[in-house]
2 protein chains.
Amino acid sequence: MEQETHLTESQPASPGTLRPGGRTAKVRRAVLDAARDALAESGFHALNMDRIAASAGVGKTTVYRRWGSPVGLVTDLLHDMAEQSLPASDTGSLAGDLRANAELVRATLTDTRMGAVFRAVISAAGCDEECARALAGFYRTRLDEWTPVVAKGAARGEIPAGTDPTELLRAVSAPLYYRFTVTHEEVTADVAERAVTAALAAAKDGVFARP
Amino acid sequence: MEQETHLTESQPASPGTLRPGGRTAKVRRAVLDAARDALAESGFHALNMDRIAASAGVGKTTVYRRWGSPVGLVTDLLHDMAEQSLPASDTGSLAGDLRANAELVRATLTDTRMGAVFRAVISAAGCDEECARALAGFYRTRLDEWTPVVAKGAARGEIPAGTDPTELLRAVSAPLYYRFTVTHEEVTADVAERAVTAALAAAKDGVFARP
DNA sequence: CCCTTAATGGGAGACTGGTTCCGTTAAGAT
DNA sequence: ATCTTAACGGAACCAGTCTCCCATTAAGGG
């Protein structure tokens with residue numbers, strides 16, 4: 001969103017920016033909630049501006065004006081999701097923390113509702129550059145929340161100093177997401193556990209050492 | 001595709017099955033080629049039945065009748081792609097073979113044309129169950145082609161006997177696809193190399209041992 | 001080579017999704 | 001409390017998609 005059309009100063013800003021109070025915020029909340037529900041229920045291909053407007057109890061003109069297209073909606077939804085971050089856990093050992101992380105990812109992807117939303121969002125990102133950026137941003141913040149865990153593990157000597165935290169975390173998530181998006185295999189607890197063990201083994205071998 | 005509506009025997013089979021010769025085959029070829037081009041050029045969201053029909057030089061009725069929807073098209077395209085398999089390499093060492101595999105995946109995803117097709121296909125699979133199955137089938141055959149490589153490596157003693165070949169291969173691919181579909185980071189040669197090293201380290205630790 | 005009918009193809013019409021217009025509501029400033 | 005105007009919402013409007021009907025073409029069997 002935010003078209004950023006810099007013409008002259010007389011150009012009106014994109015809607016919602018000058019008077020973000022009460023109504024505008026309420027509309028955004030209602031629309032994003034409706035969008036999330038729709039995605040969870042019928043997936044991205046069925047995301048329809050008209051229906052969203054109706055189920056959010058909002059004029060469809062508003063939805064079109066502020067979000068433009070289904071992809072725009074998903075993009076904003078991602079920004080919204082990125083804002084609600086949940087803190088990393090601290091179990092005392094790197095293995096434990098990584099396991100908690102993998103389990104969190106697994107639980108999210110496996111949950112009927114959340115899983116559908118993520119599937120939809122990833123699908124949308126494959127269709128639109130802007131949306132892809134939003135998705136990348138979402139995961140960047142998510143990963144950043146967990147990097148301390150790796151740093152602490154390195155400090156404890158569980159893995160070599162200089163291990164790239166992001167790289168290790170990616171290694172944990174990758175097998176889960178690979179199954180989820182590409183091969184559409186079930187993401188079992190077993191898979192999550194193995195992802196952790198594998199990533200940790202590689203890390204101890206110094207595979208993720210920063211250059 | 002193939003609705004399998006078992007009513008009475010008077011029910012006509014889906015088009016293209018009773019006279020698959022000349023014309024029918026030619027139409028399918030033209031349409032699938034057009035679809036692939038369209039996906040490579042503008043992605044899944046822009047896949048349009050009318051346009052496909054036009055650029056394939058085929059009546060649009062035919063396209064609607066035989067494929068039904070963009071998703072149906074992609075699904076059939078996947079079946080088509082699954083038929084053309086390319087053999088695994090044999091460099092003499094497991095590390096070399098896996099590197100070749102990772103490099104193949106990387107090259108495919110990085111290639112402007114092929115990358116776009118895969119992105120589109122994965123996106124479509126996120127929208128439709130049938131398409132997801134086709135995609136899963138595609139990767140199953142792909143993986144199966146490479147399993148001998150792992151078996152030979154195990155026979156040479158490079159990794160523990162009883163290592164699950166598919167699991168190891170998935171571990172190699174996962175980081176590449178994770179970047180490609182989820183975080184939309186560039187899939188560099190470096191990433192591919194690290195994926196191989198990490199997977200191999202884990203395999204040597206017996207992480208992928210079959211129970 | 002001829003016949004039956006599967007499969008295709010063009011075009012009219014319906015439908016859904018998206019856009020525009022303009023009057024109404026209420027945010028935020030004084 | 002009042003005023004200005006940002007933002008919303010209803011309804012008419014337009015466009016691109018899809019569906020259906022029926023004439024035409026050519027597979028596959030004799």
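Here is how names work: the chains are called A, B, and so on, in the same order as the sequence lines, proteins then strands, and each is numbered from 1.
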Base of D/dT19 paired with side chain of B/Lys60 (donor-acceptor, under 3.5 Å): yes
A/Arg66 side chain to A/Thr24 backbone, donor-acceptor under 3.5 Å: yes
Atom-to-atom span, CE of B/Met49 to P of C/dG10 - whole angstrom: 16 Å
Any A/Tyr64 side-chain N or O less than 4.0 Å from OP1/OP2 of C/dT19: no
side-chain N/O A/Arg66 vs D/dC8 OP1/OP2, d < 4.0 Å: yes
Interatomic distance where CZ belongs to A/Arg65 and C1' belongs to D/dA11 [whole Å]: 14 Å
Rounded distance [0.5 Å steps], CG in B/Leu94 versus NZ in B/Lys152: 10.0 Å
Short side-chain N/O contact from B/Asn48 to OP1 or OP2 of D/dT17, under 4.0 Å: yes
Phosphate OP1/OP2 of C/dA7 contacted by B/Thr24 side-chain N/O (<4.0 Å): no
hbond_proxy A/Ser69 side chain to C/dG18 base (donor-acceptor, 3.5 Å cutoff): no
Donor-acceptor side-chain pairing of B/Tyr178 and A/Tyr139 below 3.5 angstrom: no
Protein-nucleotide distance (A/Asp50, atom CG; C/dT16, atom C1'), rounded to Å: 8 Å
Nucleotide D/dT17, atom P - distance to NE2 of B/His45 in whole Å: 12 Å
Nearest-angstrom distance from the residue atom CH2 of B/Trp67 to C1' of D/dC18: 17 Å
Rounded distance (Å) that lies between atom C1' of D/dA7 and atom CZ of A/Arg23: 5 Å
5'-most by nearest nucleotide on DNA chain D - B/Arg51 or B/Lys26: B/Arg51
Residues A/Glu185, A/Thr183; criterion side chain to side chain donor-acceptor pair (under 3.5 Å); working and verdict: CA-CA 5 Å; A/Glu185 296 165 281; A/Thr183 65; 2.5 Å; yes
Rounded distance in Å - CD1 (A/Ile52) to P (D/dG9): 15 Å
Aromatic A/Phe180 / basic A/Arg119 pairing, under 6.0 angstrom, 45° off normal: yes
Short side-chain N/O contact from A/Thr61 to OP1 or OP2 of D/dC8, under 4.0 Å: no
